Amino acid sequence: MDQHSPVIPLRPLTFGELLDAGVLLLRANARLFLVAAFVLAVCEQAVLFPLRSVAGVDGTTDIFDADTGMWWLVFCCGLATEGVVLALLGGLTGAAVGPALLGTPAPARDLLRAWGRRAPALILLALSVGLILLPSAIVALPWFYFFGAIGLAAPALVVDRVGPGAALVRSLNLAPVGMRGVAIRLGGYGGWAAIRVAIGMGTAALLDTVLPSDALVYEIVTVAVWVLANTVVYAALASVDAVLYLESRMRVEGLDVAVGRSRRLGRPVDLAQAALSGAVQR
């Protein structure tokens, strides 16, 4: 197999380098990641739209102004479904991040096969993530911790070839170390959330000038804009999650040392075996 320049440097990264590596991973697999993110974003809106209709909100800028008390439940359901989408998409980016680290990028069909082989476990993991995030979001403050702490589970499940429970344990063991992984994931989410809010408010302001807020076209355009915005956001966040998982293993377990040693000895590099053996503790 041809050797390419690795997308991810084989060393612990700064925050900026980590985000850059996430963008490079997304660019290298843009068509696949964006199509998958679009499908999942459409499915998410299909799930949330009935809840928003019952609550009397459009899901963009007036959610906090709803007359019923259901707006908070709708908002929390949205936070939970985002976690589900990122977990499912994280399985795909997780399949791509290992080859990208080793300089042997895999074609889209191989990534889809890898995702398909782990699909049952990924679906179970995604549902577990949703069940964790929904009650923690309702309580409010615990969501910030759990969103950051369990976000590496999907890449762990695919890279390490472990089950959903073990993947959650892996994430909980890595992300909270020094709270660095938690902070990075929350920081990335917060930055993209601000962009989405700006897009939503801008769209609402523009539509208000030409359409009544209860018009069907208004709702269709609003949902379409959110789907497109979420497509890019989910693909970007899932790419960062995958990079953050391997980078956390380098920082905590010395994965970069283990990979370098295998290469020097002429041995094949198996990222899953490095994980199971504990790699090299720093």
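Keep in mind the model is a prediction, meaning the values are calculated, not measured. Numbers here simply count residues along the sequence, with the first being 1.
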Give the cluster check for [X] versus [Y]: same hydrophobic cluster or not, with ILVMFWY residues linked at side-chain heavy-atom distances below 4.5 Å.
X	Y	result
V84	V39	no
L125	L127	yes
V232	I199	yes
V233	L186	yes
L244	F146	yes

Please tell me if the side chains of [X] and [Y] come closer than 4.5 Å, counting only heavy atoms from C-beta onward.
X	Y	value
V158	L122	yes
D160	Y245	yes
V47	E44	no
L102	R263	yes
L237	E82	no
L48	C77	yes

Criterion ring-ring contact (aromatic ring centres under 6.0 Å, His included) on F75 and W143, from CA distance to verdict: CA-CA 12 Å; F75 180 69; W143 176 87; 8.4 Å; no

Backbone of [Y] reached by a side-chain donor or acceptor of [X] within 3.5 Å:
X	Y	answer
R11	D256	no
T93	A242	no
S239	V23	no
T209	L206	yes
W192	Y234	no

What's the separation between atom [atom1] in [X] and atom [atom2] in [Y], rounded to the nearest 0.5 Å?
X	Y	atom1	atom2	result
F33	L26	CZ	CG	7.0 Å
L13	S248	CG	OG	9.5 Å
E247	E17	CD	CD	9.0 Å
R196	Y189	CZ	OH	5.0 Å
D20	T14	CG	OG1	7.5 Å
L172	Y145	CG	OH	5.5 Å

How far apart are the closest heavy atoms of [X] and [Y], and which atoms are they?
X	Y	answer
R170	A156	CB-CB, 4.0 Å
A80	L133	CA-CB, 4.2 Å
L228	F38	CD2-CE1, 4.4 Å
G98	L271	CA-CD1, 3.6 Å
L92	A36	CD2-CB, 3.8 Å
I8	V97	CD1-CG2, 3.2 Å

Verdict with reasoning, W226 to T222, per side chain to side chain contact (heavy atoms under 4.5 Å, CB included): CA-CA 6 Å; W226 274 98; T222 298; 3.9 Å; yes

Side chain to side chain contact (heavy atoms under 4.5 Å, CB included) between Q45 and N230, intermediate numbers included: CA-CA 10 Å; Q45 292 301 317; N230 285 343; 3.7 Å; yes

